[in-house]
Structures are given as structure tokens and as C-alpha cells.
Amino acid sequence: RKLRDEGISVTDLGVRGVRDVLGVRRLRSLARDFQPDLVHAWLFHANLLARLVLPHGMPLICSLRVAEPRRSHVWLDRLTRGRVSRYLCVSEAVAAFAMGRLRVPEDKIRVIENGVDAEFFAPARARERCRDKLRGLCVARVTEQKGLDILIEALAKLPADLSWEWHVVGEEPEPAYAAALKLKAEQLEVADRLHWHGAVPRHQVVAFYAQANVYGLPSRWEGQPNVVLEAMASAVPVLAAETDGIGDLLRDHPDCLELVSPNTPEGWTRALVDLWNDSDACAKLRKTGLEVVATRSWDQAVARHLEVYADGVLGGGQHPA
């Protein structure tokens with residue numbers, strides 16, 4: 001809708017799953033008829049499809065957003081890597097993964113870190129944080145990757161005298177996993193303190209950041225989670241598992257978030273209690289987090305993408321033979 005409002009034509013191929021063979025044919029036809037100057041694919045399935053379908057010689061940029069642990073994904077990515085003109089990696093950690101696991105040459109990799117619209121989250125920053133109850137938040141897809149089972153077990157182990165509630169905002173693309181989480185919460189007798197909101201419009205997410213006084217992300221793997229920057233922009237103290245890309249944030253600002261390591265229920269229980277009992281630590285995380293987001297704008301990320309686009313078009317962008 002935003003693109004169309006700017007007068008940019010958008011074609012939806014209707015691909016909703018890997019079995020949509022007609023969608024694959026439509027993509028091939030579109031590329032042949034439209035003859036794009038370059039193609040930018042985003043996330044694993046689109047990256048793979050573009051490599052298999054697009055004509056050879058057409059410049060192809062692929063974005064890598066995570067350090068993928070699944071062997072099947074790594075194998076397919078490695079097998080087709082020669083078709084890619086440039087890899088755009090969301091963090092130095094993901095770039096190291098691309099060079100090490102995928103065996104991508106260093107000269108084909110560019111690192112473009114996430115930005116954040118700090119002003120969009122200004123209303124959340126302005127909100128006074130209460131200290132009468134721990135109000136936790138996780139904005140994430142409800143999938144095994146995000147580790148919410150670890151968090152639920154951790155919450156069940158919190159001291160009985162600690163008043164708390166936790167909100168989860170995000171779609172549930174793995175229904176069986178989501179159902180298992182809710183059953184676990186009932187079995188651990190914390191279901192009444194957990195609130196599942198599903199996917200909500202972007203402007204409503206700000207309200208959830210505004211009411212939270214702790215943000216937690218127990219992911220099993222990542223690239224560099226943008227929700228961490230959003231929490232920082234909202235002046236919410238962040239607890240995060242030690243996943244790929246988190247170290248990049250800590251490199252220049254070691255006090256911008258609290259690492260939870262090991263990423264276990266016991267580790268999370270301890271981290272939550274320690275942070276909640278240390279108001280000075282909370283204040284320091286908020287302050288340093290705001291310093292991080294002050295250096296991250298989407299304008300910077302956009303400019304770097306445009307540089308890669310220009311290089312792909314003006315520099316030929318041909319993939320190596």
C-alpha cells in the first residue's frame with residue numbers, strides 16, 4: 001500500500017507456500033517480461049526461489065537475516081551461492097556465518113545493520129515506568145526459534161512474592177508450538193499471568209512498549225533482532241539471549257542490554273530477579289539503549305542499500321561464473 005501510494009507499481013504473485021508451482025512460473029514470466037535491472041530477494045525461501053528461477057546474468061542481491069542453524073537450509077544456500085551477486089548481512093556475526101558456513105567470498109558480502117525509527121517510539125519513551133509490578137514484554141513470532149518455552153519455564157520459577165505479568169505480541173505461524181506453550185503455561189500455573197495478543201498493527205505495538213518495564217527475548221538463534229532496537233527506542237530495559245548479532249550491539253555499547261547466558265530457564269529467572277531488584281541497572285540500560293538507537297536510523301540503512309543497488313546496476317552486478 002505504501003509503495004502504491006507513492007505511484008510505484010506493485011505485482012503480487014500470490015505465492016503463499018512452497019507448493020505454489022504456478023507462482024513460480026509467474027515469477028519466471030515476470031522476470032522475462034519486465035527485465036529488471038536487479039533483483040533483491042529477502043529471506044531464505046525467496047532467496048532460494050530467485051536463484052533457481054531467474055535468468056542467468058540478471059544481478060541478484062540476497063539478504064541474510066539470521067545465522068541459520070538448520071542443516072538443510074545451509075546446504076541449499078551453499079549449493080546455490082554462486083548465483084548471487086551480493087549478500088547483504090544484517091550483522092557482522094551473520095557475515096561471519098556467510099563466509100564460514102556458506103563459504104561466500106568476502107568481497108560478495110556487505111553488512112547493513114538494522115535501523116530504527118526512534119521518533120515513532122517517542123510516545124513509549126515518554127511513559128513513566130511503574131515499579132509496583134514487573135510488566136514484561138516479548139514482541140516476536142511464536143515459533144521455536146524465539147525460545148518462548150524457555151521464558152515460560154523461567155517465569156514459573158520466579159519468587160512467589162514478586163508480582164508480575166507478561167505480554168507476548170506476535171503472529172503464531174506454528175500452531176502446534178503455540179498450543180504446546182499455552183498448555184505448558186497452564187501446567188506450570190502461570191497461564192493467568194501470560195497474555196497472548198497475536199499480531200497487531202504497528203501503531204498498536206507502541207502501546208505495548210509503553211506499558212512494559214522489562215523486555216525479554218530468549219531466542220535460540222537470530223541475526224540481529226530489530227525488536228531489541230525498538231525496545232531500546234522505547235526506553236525499556238532489555239534482556240536477551242547471547243545470539244548472533246547481539247554481540248555487535250554490545251561491541252560499542254557494552255551496557256545497552258543484559259545478556260542472559262546460558263539461555264536456560266534458570267538463567268532467565270536469575271536475570272529477571274537481579275534486574276528487577278536493581279533500579280540503577282534498569283536506568284543504565286535505558287540510558288545506554290537510547291545512545292545506541294541515536295546512532296541507528298533507517299535513512300542510513302536506506303543509503304547503504306542504494307549504494308549496493310547502484311553498484312549492482314552501474315558496476316554490472318554479474319555473478320561469477
Side-chain angles (χ1 to χ4, degrees), residues 2-3 40-44 46-47 61-69 86-99 104 109-122 124-125 137-141 143 145-147 169-171 199-203 205-206 208-209 212 215-259 285-286 288-309:
K2 289 182 180 179
L3 293 173
H40 187 170
W42 194 272
L43 298 179
F44 173 77
N47 288 344
I61 297 168
C62 288
S63 284
L64 291 184
R65 307 296 296 174
V66 298
E68 179 61 64
R86 289 286 183 273
Y87 280 86
L88 301 187
C89 298
V90 73
S91 66
E92 294 290 348
V94 172
F97 161 81
M99 286 185 283
V104 178
I109 294 173
R110 300 290 183 272
V111 175
I112 303 180
E113 294 182 312
N114 283 328
V116 64
D117 184 352
E119 284 309 302
F120 184 78
F121 296 95
R125 280 199 303 279
L137 174 66
C138 182
V139 180
R141 290 174 295 109
T143 64
Q145 175 194 349
K146 300 301 181 179
V169 176
E171 62 180 338
V200 303
R202 178 170 163 75
H203 68 275
V205 177
V206 178
F208 286 101
Y209 282 116
Y215 183 89
L217 189 66
S219 298
R220 291 183 164 90
W221 71 88
E222 285 287 355
Q224 188 175 94
N226 202 59
V227 288
V228 166
L229 295 176
E230 292 181 357
M232 291 177 178
S234 303
V236 182
V238 174
L239 294 172
E242 192 172 4
T243 53
D244 296 284
I246 293 296
D248 292 28
L249 293 173
L250 294 170
R251 184 177 57 246
D252 297 323
H253 298 86
D255 298 318
C256 68
L257 58 82
E258 193 73 34
L259 276 182
L285 290 178
R286 286 194 293 267
T288 311
L290 290 173
E291 292 173 0
V292 171
V293 299
T295 67
R296 298 288 195 95
S297 75
W298 282 121
D299 286 344
Q300 293 169 320
V302 166
R304 297 199 64 188
H305 277 84
L306 292 177
E307 289 173 3
V308 175
Y309 289 176

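All values reported here derive from a predicted model rather than from experimental measurement.
- What you find for V293 and A233 is that their closest heavy atoms are CG1-N, 3.8 Å.
- Here the shortest heavy-atom pairing between G223 and S91 reads O-OG, 2.9 Å.
- Separation of atoms CD (E113) and CD (Q224) is listed at 4.5 Å; rounding is to 0.5 Å.
- No donor-acceptor pair closer than 3.5 Å links the side chain of N47 to the backbone N or O of L64.
- A distance of 9.5 Å separates CD in E230 from CG in D117, rounded to the nearest 0.5 Å.
- Of the possible donor and acceptor atoms, none in the side chain of R65 sits under 3.5 Å from a partner among the backbone N and O of W42.
- Contact check for R296 versus L249: side-chain heavy atoms found under the 4.5 Å cut-off.
- Side chain of T295 to main chain of V292: a donor-acceptor pair is present (N/O by atom type, distance under 3.5 Å, no hydrogens or angles).
- Residues A93 and D248 approach most closely at N-OD2, 3.6 Å, considering heavy atoms.
- Of the inter-residue distances, the one linking S234 atom OG with R125 atom CZ reads 7.5 Å to the nearest 0.5 angstrom.
- The heavy-atom pair separating W221 from A67 by the smallest distance is CD1-O, 4.0 Å.
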Is there a side chain to side chain contact (heavy atoms under 4.5 Å, CB included) between S63 and L43 once you walk through the steps? CA-CA 6 Å; S63 284; L43 298 179; over 6 Å; no

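- Using a 4.5 Å heavy-atom threshold, the side chains of F121 and V116 count as touching.
- Within the 4.5 Å cutoff, side-chain heavy atoms of H40 are placed close to those of H305.
- Proximity of P225 to I246: side-chain heavy atoms (C-beta onward) are separated by under 4.5 Å at one or more points.
- Across all non-hydrogen atoms, the minimal contact from M232 to V238 is CG-CG2, 4.2 Å.
- Side-chain contact between C138 and L217 is present, with at least one heavy-atom pair separated by less than 4.5 Å.
- Atoms CZ and CD, from R220 and Q145 in turn, are 10.0 Å apart once rounded to the nearest 0.5 Å.
- One distance of note links OG of S297 with CD of E119; it measures 12.0 Å at 0.5 Å rounding.
- By the 4.5 Å heavy-atom criterion applied to side chains, R251 and E92 are counted as neighbours.
- A distance of 13.5 Å separates CD in E222 from CD in E242, rounded to the nearest 0.5 Å.
- Side-chain atoms of E68 and F44, non-hydrogen and from C-beta on, never get closer than 4.5 Å to each other.
- Two residues are said to be in side-chain contact when any heavy atoms from C-beta on lie closer than 4.5 Å; N114 and W298 meet this criterion.
- Using a distance-only test at 3.5 Å, with no hydrogens or angles considered, no donor-acceptor pair links the side chain of Y215 to the main chain of A240.
- Closest of all the heavy-atom pairs between C89 and A98 is SG-CB, 4.3 Å.
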